[in-house]
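Because only heavy atoms are used, hydrogens play no part in the values below, and waters and symmetry mates are left out as well, while side chains stay in.
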Amino acid sequence: MADSSKKMQIVFASAECAPFVKTGGLGDVAGSLPAALVRAGAEVIVMVPKYATIKDEYKAQMEHFSDFYVSLGWRNEYCGLEKLEHDGVTYMFIDNERYFARDYPYGFFDDGERFAFFSKAITESLQHLPAGFECDILHCNDWQTALAPVFLREFYQGLPLYDRVKTVFSIHNVAFQGQFSDTVMEDILGVAHIPAAASQLRCDACSINYMLGALRYADAITTVSPTYANEIQTPEFGEGLDGVLRERSYALQGILNGIDVAGFDPATDKRIAANYTVEDRSGKAVCKAKLQEELGLEVRDDRPLMVMVTRLTRQKGMDLVMYALDRILAGGVQVAVLGTGDRDYEDGLRYFQDKYPGTMAARIEFDPALSQRMYAAADMFLMPSKFEPCGLSQIIAMRYGTLPIVRETGGLKDTVQPYNEFTGEGTGFSFSNFNGEEMGDAVFRAARLFWDNRDAWNQLVTQAMSQDFSWTRSADKYLDLYFFMHPEIERPVAVAEAVAEPVAAEEPKAEKKPVEAEPAKAEPKVKAEVALEAEVEVKLAAKPAAKPAAKKTTTRKTTAKKATTTKAAATRTTAAKTTTTRKRTTAAAKKATEAEATPEVKAEVAEAKPAAKAPAKTAAKKTTATAKKATAAKKTTTTKSTTTKATAAKTAPKAAAKPAVKVEEAAAEAKPTAKTTTRKRATTTAKKSTTKATTPKAEAKIEAKPEVKPKPAPKAAEVKTAPKATAKAEPKVEPAKKAPVSPVAATEEKAPTKKTSVRKATATRKRR
């Protein structure tokens, strides 16, 4: 049962954390996500190395909380915990001057040992947390903390305090994995004698991989966007770890990062020239003019200003920029770039600045204040990354009303919705392939919208600024994961309701599916379209079913009398005319019967359908019997065939009409034998026809239908026109001469009877 009194308690471990130490996106995540988790009702302790580069103002606020020794291979290293409360979050700084009292966080020969110590200190520190704090989730980030899940499982599992700890490992950039010589396994990690650990850490014959260990030992794996989670499972983006990521795909999910919406707010930001909001963006024009003046660009509001704030590396798409920049600048787009990186790219940007004065500005430096002014002033933000796990620059740009132009990869694809010129939807522009021409095309799509349709451009800016990229949304996703791993802890009501809503909304959809599937199963032998049309026609024909039954009987008697008179007076020369009369009568009777039909016929059709599975002999007998009755009835009256055909057409207007036509054709062939028919036989047959025009008769006719079912396509075509064409176009039903098979089959079945033989002989003579 869920514990309503306990809060979710999380230890969040990271090698950097804003505002204390930051070199990239990891610092932003560690500085913002824990605060959002605290606001959502969790208790969080963030563990960070105590670097010498942390500002003295923060060091002065730290209080010594605890100290102990950490075993690392054959060493015992001192570890101090320095506690600091900042913005509602508790920070514990891991203090060891030998490892962390340096000028920069990374890039030293002993990084493998330094961060192995950091990972071991994290797991050991779980025993030295403030009273009442029992870690439920240990959330580790990137390779610098990747050994913590390994140490937890191999050295601490089974201890009561650690039994409840679940581990989550977040990949911020799979390209940085922490690969070192396998000599560190015994000398530093102390796991060489543990076969499971040694084999799962090893990435080749002489190397181990810290991140690989976390991927195999952690209970859950996350990364910073859903698309990136899919990409890293492929050889192209997996950096050699795609195999293990595919193996553990069930434990992997992508959760988008957010930004500090209070820190990045154009309405309150003091670092920009003028403040503005989504409703009143007049301040953005002021920011643009000021930046153009500051960078030496032409101060013009009719030219789109595109900026880049980035590391100048191939991963950030600088190859594409160098390729397309000449075309972009010559096309009238102003460009400003801020950043440092590879020397070739720095020199290339300086070249274009000299070639296009007033249109191109390159600032080869690191200037956070200038980057903020560029976000606020620009019209477009270019980010053509080769790969991008999440990316924050495009999110910040949208927050300031600057439309991003991005390549569809990783978090860029998840955060930027490309502009749709037909619907007006979108929050920016994008291109798919890592190609300079495609990037240039995307830039000019944006520029043309800026020049030609300013209303659509402004609407796009409004949509971009209205997006929710707060950490609150991301924190909810992480809490979903945490509470899934600890179902015994009750989630705070406010958050639980927000999560429950989509589940409740989906339930009705699940109920509807089986109901919609039932009609399709009812008619397995008929094509979907034919079945649908037949059902509609049956429903339409059933509406005027209120006519009295007496009228039906009168119609049958009158038809029988007329048919008898016509047959008695018929001769060989008038056979065709008689056939025409009979067909007209048939059409009239068919319409009358259709009008009187009731929905009960549907039940008959449902029962008749399984008859198709009967053995071939049974079907043949039924067909023969039907042919006998049809031949006898045609000599005296058309009532029998009329009623049967009408019922068959009513119950299955698409599939059953063709058998009725064939029976009529058979009767037309047998027409010359009418001379030998006596009045007595006519009277007897008339009685039979009256009796057979009942529901059992209709059922018998329907059961014969499967005999013709192997030809569904022609039937569907004929039936579609049959109800209308029978009365209008007589010649269409006259292919009586094409079907001699039916009368022969009918005559052969009647061979035991003398009268049948006489009729057969008479018919043969008259044909000659």
Side-chain angles (χ1 to χ4, degrees), residues 12 14 16-20 22 24-42 44 46 86-89 141 170 172 222 224-226 254-281 283-284 287 307 309 368-378 381 383 388-404 406 410-412 414-417 426-428 460-480 492 494-495 498-499:
F12 193 92
S14 174
E16 55 185 83
C17 177
F20 312 108
K22 172 189 167 182
L26 174 60
D28 290 317
V29 174
S32 302
L33 177 56
L37 293 170
V38 169
R39 290 194 296 271
V44 185
V46 181
H86 181 73
D87 289 343
V89 181
N141 295 269
S170 288
H172 295 265
T222 71
V224 290
S225 72
I255 301 175
L256 270 174
N257 285 340
I259 60 170
D260 180 4
V261 292
F264 295 104
D265 186 356
T268 58
D269 194 341
K270 296 179 180 178
R271 298 167 290 185
I272 61 179
N275 295 119
Y276 54 93
T277 64
V278 64
E279 294 83 11
D280 178 12
R281 296 197 288 270
K284 187 170 178 65
C287 292
V307 302
V309 178
L370 176 58
S371 70
Q372 207 66 20
R373 295 196 293 275
M374 291 172 72
Y375 281 125
F381 187 91
M383 199 168 179
E388 194 66 58
C390 178
L392 296 179
S393 296
Q394 82 280 10
I395 300 176
I396 298 170
M398 284 189 280
R399 178 76 172 153
Y400 282 85
T402 299
L403 298 183
V406 301
L412 301 179
D414 292 325
T415 53
V416 178
Q417 181 184 4
T427 57
L460 210 56
V461 172
T462 300
Q463 290 163 191
M465 294 184 73
S466 302
Q467 297 298 302
D468 176 20
F469 289 114
S470 67
W471 274 107
T472 303
R473 181 200 54 177
S474 301
D476 284 344
K477 299 274 189 183
Y478 281 108
L479 285 171
D480 288 345
V495 180
V499 174

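- Taken to the nearest 0.5 Å, the CD atom of Glu388 stands 7.5 Å off from the OG atom of Ser393.
- Looking at residues two or more places apart in sequence or on another chain, you find a side chain to side chain contact (heavy atoms under 4.5 Å, CB included) between Cys287 and Ile272, Ala273, Ala274, Tyr276, Ala376, Ala377.
- In this structure, CD in Gln394 is found 9.0 Å from OH in Tyr375, a value given to the nearest 0.5 Å.
- With rounding to the nearest 0.5 Å, the separation of CE in Met398 from CG in Leu460 is 10.5 Å.
- Considering every non-hydrogen atom in both Ala30 and Cys17, the closest pair reads O-SG, 3.4 Å.
- In this structure, Trp471 and Val29 have side chains that are in contact, with non-hydrogen atoms separated by less than 4.5 Å.
- In terms of heavy-atom proximity, Tyr400 sits nearest to Asp265 at OH-N, 3.5 Å.
- The shortest heavy-atom contact between Ala464 and Leu403 is CB-CD2, 3.9 Å.
- Applying the side chain to side chain contact (heavy atoms under 4.5 Å, CB included) test to Ala262 and every residue at least two apart in sequence or in another chain returns Asp260.
- Once rounded to the nearest 0.5 Å, the distance linking SG of Cys390 with CD1 of Ile255 reads 11.5 Å.
- The salt bridge (charged side-chain N to carboxylate O under 4.0 Å, His left out) search around Lys477 returns none, not counting sequence neighbours.
- Annotation: side chain to side chain contact (heavy atoms under 4.5 Å, CB included) contacts of Thr462 (sequence neighbours excluded): Val278, Arg281, Ser466.
- Every residue two or more places apart in sequence or in another chain was checked for a salt bridge (charged side-chain N to carboxylate O under 4.0 Å, His left out) with Asp414, and none qualifies.
- Residues Arg399 and Pro266 form a side-chain contact, since some pair of their non-hydrogen atoms from C-beta on lies under 4.5 Å apart.
- The side-chain heavy atoms of Met374 and Phe381, taken from C-beta on, include no pair separated by under 4.5 Å.
- Listed by chain and number, the residues in a side chain to side chain contact (heavy atoms under 4.5 Å, CB included) with Asp87 amount to none (sequence neighbours excluded).
- Atom CZ of Phe12 and atom CG of Leu37 lie 7.5 Å apart (nearest 0.5 Å).
- Atoms CD1 and CG, from Ile396 and Asp28 in turn, are 7.0 Å apart once rounded to the nearest 0.5 Å.
- Lys284 places a side-chain heavy atom less than 4.5 Å from the side chain of Thr402.
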